[in-house]
Amino acid sequence: MYWFSIAVALLAALGIIAIGLMYLANPKGATQSFGLPLPEQGPNVAWWLRLKGVRDVVSGLVVLALMAWGGPRMVGLVLLIEAIIPVGDMSLILAARGSTARALGVHGLTAALMIAAAIALIASAA
């Protein structure tokens, strides 16, 4: 279970970095896969969307740094804390009546995998 949890942590970190880079390179295109309609048009919409990209990249880098220099317990704790992000995304999409399939299938599944991996990593370090 330990190696599966490490693989999930690595996949989550690399995945969110890739998503962040997509938001930086093509913010409107990346938003279409999120589960909510594009925001209203305006000269600064793309820049607001790029803010999400920066935060996504940093979230992934934190996990990678802890995987390289921290222990399993620390990686597990950070995964558990960072799982709040996809739970929040899922909740906001559902509240806005966005795509239920994306809310549950992308964000909900991501959160569930992150929480399961976090629990396994924390338990393996005990």
Side-chain angles (χ1 to χ4, degrees):
M1 187 66 167
Y2 174 79
W3 290 109
F4 174 76
S5 299
I6 290 294
V8 169
L10 182 60
L11 182 63
L14 295 176
I16 200 62
I17 288 170
I19 290 168
L21 292 173
M22 286 183 351
Y23 270 90
L24 290 170
N26 182 9
K28 290 185 181 180
T31 302
Q32 292 175 339
S33 67
F34 189 78
L36 287 173
L38 285 169
E40 295 179 23
Q41 294 298 321
N44 292 318
V45 168
W47 296 108
W48 281 104
L49 296 174
R50 284 185 178 101
L51 292 174
K52 179 187 177 337
V54 171
R55 284 156 177 75
D56 286 351
V57 170
V58 172
S59 293
L61 290 174
V62 167
V63 174
L64 291 179
L66 288 173
M67 290 179 75
W69 296 292
R73 176 176 285 157
M74 190 59 65
V75 174
L77 287 171
V78 167
L79 274 183
L80 192 58
I81 293 166
E82 286 195 3
I84 295 169
I85 297 169
V87 168
D89 292 347
M90 177 187 69
S91 301
L92 292 171
I93 291 168
L94 292 173
R97 292 183 170 68
S99 170
T100 301
R102 292 209 195 256
L104 299 175
V106 175
H107 305 288
L109 182 60
T110 298
L113 286 172
M114 289 174 72
I115 291 167
I119 291 169
L121 288 168
I122 293 166
S124 75

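Qualifying salt bridge (Lys or Arg N to Asp or Glu O under 4.0 Å) partners for D56, counting only residues two or more places apart in sequence or in other chains: K52.
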Distance-only criterion, 3.5 Å: show the donor-acceptor pairs between side-chain atoms of residues 115-122 and protein atoms not counting sequence neighbours.
none

Expected list for residues 85-102: side-chain donor-acceptor pairs under 3.5 angstrom, two or more places apart:
| unit_1 | atom_1 | unit_2 | atom_2 | d |
| --- | --- | --- | --- | --- |
| S91 | OG | V87 | O | 2.9 |
| S99 | OG | R102 | N | 3.1 |

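Distance check: E82 CD to L66 CG gives 8.5 Å after rounding to the nearest 0.5 Å. With rounding to the nearest 0.5 Å, the separation of OG in S59 from CD1 in I81 is 11.5 Å. One distance of note links CG of L79 with CG of L113; it measures 10.5 Å at 0.5 Å rounding. Atom CG of L51 and atom CG of N44 lie 10.0 Å apart (nearest 0.5 Å). In this structure, OH in Y23 is found 5.5 Å from OG in S33, a value given to the nearest 0.5 Å. Between the CG atom in L61 and the CG atom in L14 there is a gap of 9.5 Å [rounded to 0.5 Å].
L49 is connected to I16 through a chain of hydrophobic side-chain contacts under 4.5 Å among Ile, Leu, Val, Met, Phe, Trp and Tyr, so both are in one cluster. Residues I17 and W69 are members of separate hydrophobic clusters, defined by side-chain heavy-atom contacts under 4.5 angstrom among Ile, Leu, Val, Met, Phe, Trp and Tyr. Grouping the Ile, Leu, Val, Met, Phe, Trp and Tyr side chains by contacts below 4.5 angstrom, directly or via other members, places M67 with V62. With hydrophobic clusters built from ILVMFWY side chains whose heavy atoms lie under 4.5 angstrom apart, V45 shares a cluster with F34. Residues L64 and V58 are members of one and the same hydrophobic cluster, defined by side-chain heavy-atom contacts under 4.5 angstrom among Ile, Leu, Val, Met, Phe, Trp and Tyr.
For G60 against A13, the heavy-atom pair with the smallest separation is O-CB, 3.5 Å.
At least one donor-acceptor pair closer than 3.5 Å links the side chain of N26 to the backbone N or O of G29.
No side-chain heavy atom of R55 sits less than 4.5 Å from a side-chain heavy atom of R50.
Annotation: M74, atom CE; neighbour count of heavy atoms from other residues, nucleotides and ligands within 6.0 Å does not exceed 12.
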